[in-house]
Asks: 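First the structure, which I've put down as structure tokens, then a few questions once you've had a look.
By convention here, the first residue in the shown sequence is residue 1.
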Amino acid sequence: MPGGADDVPLLVPKLGMAMTEATLLQWLAEEDAPVAEGDPLYVIETDKVETEVAAPAPGRLRRVGAEGATYQVGEAVGWLVTP
């Protein structure tokens with residue numbers, strides 16, 4: 001289950017001083033896919049700028065966020081679950 005002691009949350013990053021939220025445009029990796037650190041995971045949009053977000057650590061992807069939904073900076077849109 002996501003949120004275990006070693007699991008890594010995928011948080012909406014703060015990309016600018018005035019940024020408070022972003023839209024999750026697209027997932028680039030499938031649910032439960034094994035990912036390596038640095039693999040592209042999802043694309044967010046803020047102020048009409050699209051940014052690809054990479055995996056901060058290895059693990060299996062658990063999606064929480066929905067494509068097209070808007071999330072606050074620091075909100076989890078997924079997890080990297082570790083064995």
Side-chain angles (χ1 to χ4, degrees):
M1 175 175 147
D6 294 328
D7 297 342
V8 178
L10 301 173
L11 306 177
V12 173
K14 185 171 181 90
L15 303 174
M17 294 291 290
M19 181 182 164
T20 60
E21 63 185 20
T23 300
L24 176 60
L25 289 185
Q26 178 184 14
W27 283 103
L28 301 175
E30 296 298 319
E31 173 71 17
D32 201 39
V35 298
E37 184 174 348
D39 284 354
L41 294 182
Y42 57 97
V43 177
I44 59 171
E45 180 182 51
T46 179
D47 297 330
K48 303 300 177 195
V49 175
E50 294 181 13
T51 302
E52 196 173 272
V53 181
R60 287 199 168 274
L61 177 62
R62 294 289 190 267
R63 297 176 179 180
V64 176
E67 290 180 348
T70 299
Y71 297 93
Q72 297 299 309
V73 167
E75 190 172 354
V77 295
W79 291 86
L80 291 177
V81 179
T82 57

Asks: Any idea which heavy atoms bring Glu67 and Trp27 closest together, and the distance?
Replies: OE2-N, 2.7 Å

Asks: Nearest heavy-atom pair of Ala54 and Gly38: which atoms, and what distance?
Replies: CB-O, 3.5 Å

Asks: Quick one: pull up CG in Leu41 and CG in Leu61 and give me the separation to the nearest 0.5 Å.
Replies: 6.0 Å

Asks: CD of Glu21 to CD1 of Ile44: how many Å apart, nearest 0.5 Å?
Replies: 11.0 Å

Asks: Roughly how far apart are Leu11 CG and Gln72 CD, rounded to 0.5 Å?
Replies: 13.0 Å

Asks: Restricting to non-hydrogen atoms, name the atom on Pro56 and the atom on Val8 that form the minimum distance, rounded to 0.1 Å.
Replies: CG-CG1, 3.9 Å

Asks: Looking at Arg63 and Glu31, what are the two nearest heavy atoms and their distance?
Replies: N-OE1, 2.8 Å

Asks: Distance from Glu52 atom CD to Leu25 atom CG, nearest 0.5 Å?
Replies: 11.5 Å

Asks: Keeping the roles fixed (side chain from Tyr42, backbone from Ala29), state whether a donor-acceptor pair exists under 3.5 Å.
Replies: no

Asks: Report yes or no: does Glu75 contribute a side-chain atom to a donor-acceptor pair with the main-chain N or O of Val12 at less than 3.5 Å?
Replies: no

Asks: In Å and rounded to the nearest 0.5 Å, what is the OG1 to NZ distance from Thr20 to Lys14?
Replies: 7.0 Å

Asks: Using the rule that two of Ile, Leu, Val, Met, Phe, Trp, Tyr join whenever any of their side-chain heavy atoms come within less than 4.5 Å, decide whether Leu15 and Val49 are in one cluster.
Replies: no

Asks: Check the pair Leu80, Arg60 against side-chain contact (heavy atoms from CB on, under 4.5 Å), reporting the backbone distance first and the verdict last.
Replies: CA-CA 5 Å; Leu80 291 177; Arg60 287 199 168 274; over 6 Å; no

Asks: At their closest point, which heavy atom of Val53 faces which heavy atom of Pro13, and how far apart are they?
Replies: CG2-CG, 4.2 Å

Asks: Surrounding CG of Asp47 (heavy atoms of other residues, nucleotides or ligands, distance under 6.0 Å), is the total greater than 12?
Replies: no

Asks: Grouping I, L, V, M, F, W and Y whenever their side-chain heavy atoms are under 4.5 Å apart, do Met19 and Val43 come out in a common cluster?
Replies: no

Asks: Over all heavy atoms of both residues, which pair between Leu24 and Ala66 is shortest? Give the atoms and the distance, please.
Replies: CD2-O, 3.6 Å

Asks: Out of curiosity, Thr82 OG1 to Asp7 CG, how far, rounded to the nearest 0.5 Å?
Replies: 4.5 Å

